[in-house]
Amino acid sequence: MIGIPLQIGPVRLESNLMLAPIAGWCDLAWRVTTRELGGVGLASTDLLNPRGLLCSSETSLDLACTSDLDQPIGMQLYGADPAMLAEGARWCVDHGATVVDINMGCPVDKVCKEDGGSRLMCMPETAVEIVRQVRAAMPDRVPLTAKMRLGWTEEDAKRNAAGDLACRLVDEGVACITVQGRTTEQRFKGASCREGIRRVVEAVAGRTGSYTGEPGRGVPVVGNGDVKSPDAVLTMLRETGCAGVMIGRGAFGLPWIFRLAWGAQLRALGGTHPDENIDSMGEPSEAEKIEIVRRYFDRMCEFRDVPYALHQLRQKITRLGKSINGSHCRPLKEGIRVAKTQSEVHAALESWEILMRETAPQQRSHPPRQGTPYPLEA
Ligand SMILES: Cc1cc2nc3c(=O)[nH]c(=O)nc-3n(C[C@H](O)[C@H](O)[C@H](O)COP(=O)(O)O)c2cc1C
């Protein structure tokens with residue numbers, strides 16, 4: 001489904017690309033920064049604990065924080081108690097969720113030992129009951145979606161456990177399934193299996209009729225895992241037949257991947273798509289990339305506070321810097337490591353920009369990259 005914006009129940013997105021929920025890499029500042037670069041159809045919050053939302057725990061409220069600049073937004077819930085999840089979903093609707101997602105793929109012990117996350121793939125009756133109660137608790141205008149893996153084990157993947165569960169969930173009103181092409185046992189290692197995703201796409205199409213991108217015509221399946229370049233987006237769409245692609249780690253150093261990938265799809269359609277604007281936006285200049293880091297940092301300061309922003313930037317600068325100046329960003333990392341205020345971070349970014357302008361032509365063994373592939377590590 002190349003170049004067709006996703007239709008999730010009654011909600012039409014601007015593209016078929018989603019920014020993945022990644023704990024620590026999907027706060028409001030990251031979502032807004034990524035969205036403004038173009039091509040993001042839907043972004044999602046981190047995992048939200050419904051109990052935390054309902055008792056207004058500070059952590060849950062921080063994770064669920066959104067704004068007008070952050071639309072459309074998926075809020076992702078986890079847990080195994082259908083009634084609690086239904087109440088949590090109502091909270092999400094009341095607090096601006098465009099879409100509510102149930103996590104059925106998280107492999108982390110803390111989540112699975114309470115029967116949430118990917119444990120639900122081993123408990124399909126519970127998963128179905130959750131969907132039944134959550135769907136009933138929400139207004140029709142807000143779609144319910146689910147995110148899963150191919151199964152817990154390789155054996156599950158072979159028997160298409162995800163396809164079976166997906167069919168049961170769409171019967172109960174789930175409007176989109178996202179599937180990561182790995183098992184729970186694989187966690188985040190090993191290649192994401194596109195063949196496994198294709199089998200989920202086929203199972204859902206067999207149940208609901210093929211998805212066409214028009215309202216009421218099939219349920220979309222979104223492919224996820226290891227997508228780190230616009231070419232990889234095209235490969236995922238072509239080889240699996242999926243309706244859209246979710247990108248997580250591939251966006252860490254390349255938050256403009258969405259506009260590149262959407263532009264690549266529009267070009268693959270023959271370049272006659274009306275959305276000229278996105279199609280014409282390519283790779284940012286090196287100065288623009290530094291500006292993106294600056295805006296992300298400033299938003300973390302604004303939406304949370306300076307200590308949070310400093311901590312996050314120190315942790316992330318290696319990945320953020322990966323596509324800037326051929327990743328020769330040691331002086332920038334050092335500047336950020338020692339910065340103690342917002343203006344010291346700005347100064348570090350400015351010095352880096354000046355240094356880069358002066359030294360980049362000699363340092364680089366290659367000219368700046370214009371096309372794909374992008375060598376991002378997981
Ligand atoms: C550190 C980390 C945290 C994650 N947190 C979440 C999460 O909160 N909710 C979720 O559905 N998936 C989570 N994921 C899974 C991602 O959404 C995605 O499915 C996975 O990283 C594969 O996609 P990618 O190869 O594009 O990163 C997380 C993954 C990582 C590596």
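Counting convention: from 1, in listed order, for ligands and their atoms alike. Reckoned from all heavy atoms, side chains included, excluding hydrogens, waters and symmetry mates.
- Closest of all the heavy-atom pairs between L355 and P331 is CD2-CG, 3.8 Å.
- Taking 4.0 Å as the cut-off, C106 does not count as a neighbour of ligand 1 on heavy-atom distance.
- Ranking protein heavy atoms by distance to atom 30 (C) of ligand 1, first place goes to F188 CZ, 3.8 Å.
- A salt bridge does not link K113 with D109: every distance from a Lys NZ or Arg NE/NH1/NH2 to an Asp or Glu carboxylate oxygen is 4.0 Å or more.
- Judged by a 6.0 Å distance limit and a 45° cone about the ring axis, R295 is not positioned over the six-membered ring of F303.
- The closest non-hydrogen atom to atom 26 (O) of ligand 1, taken over G248, C26, G24, G181, comes from G248.
- Around atom 10 (C) of ligand 1, the closest heavy atom drawn from D46, N103, L19 belongs to N103.
- Short contacts between ligand 1 and A23, defined as distances under 4.0 Å to a heavy atom of the residue, involve ligand atoms 3 (C), 4 (C), 5 (N), 6 (C), 8 (O).
- For ligand 1, the polar-atom distance check finds an N/O of P21 within less than 3.5 Å of one of the ligand's N/O atoms.
- Every atom of ligand 1 is numbered from 1 in the order shown, and the set under 4.0 Å from a heavy atom of K147 is 10 (C), 11 (O), 12 (N), 15 (C), 16 (C), 17 (O), 18 (C), 19 (O).
- Within a 6.0 Å radius of CG in D305, other residues, nucleotides and ligands contribute more than 12 heavy atoms.
- For the residue pair Q71 and T98, the shortest heavy atom distance occurs at OE1-OG1, 3.2 Å.
- The distance from ligand 1 to the heavy atoms of A20 drops below 4.0 Å at these ligand atoms: 17 (O).
- The shortest side-chain heavy-atom distance between R314 and I336 falls under the 4.5 Å cut-off.
- For atom 25 (O) of ligand 1, the closest non-hydrogen atom of the protein is D226 N, 2.7 Å.
- Protein heavy atom in closest approach to atom 23 (O) of ligand 1: N224 ND2, 3.0 Å.
- Separation of atoms CD (E239) and CG (L234) is listed at 11.0 Å; rounding is to 0.5 Å.
- Distance from atom 11 (O) of ligand 1 to its nearest protein heavy atom, with residue and atom name: Q76 NE2, 2.8 Å.
- For ligand 1, the atoms sitting less than 4.0 Å from at least one non-hydrogen atom of L47 are 7 (C), 8 (O), 9 (N), numbered in the order shown with element in parentheses.
- The CD atom of Q180 sits 6.0 Å away from the CZ atom of F188 when rounded to the nearest 0.5 Å.
- In terms of polar-atom proximity, defined here as any N/O pair under 3.5 Å, R249 does make such a contact with ligand 1.
- Proximity to Q180 (heavy-atom distance under 4.0 Å) selects the following atoms of ligand 1: 19 (O), 20 (C), 22 (C).
- A 6.0 Å sphere centred on CG of D68 holds no more than 12 heavy atoms belonging to other residues, nucleotides or ligands.
- Looking from atom 2 (C) of ligand 1 to the surrounding protein, the closest heavy atom is I22 CG2, 3.6 Å.
- Note on E302 versus R299: no salt bridge recorded, every NZ/NE/NH1/NH2 to OD/OE distance being 4.0 Å or above.
- Residue contacts with ligand 1 for K228 are absent, since no atom lies close enough (heavy atoms, distance under 4.0 Å).
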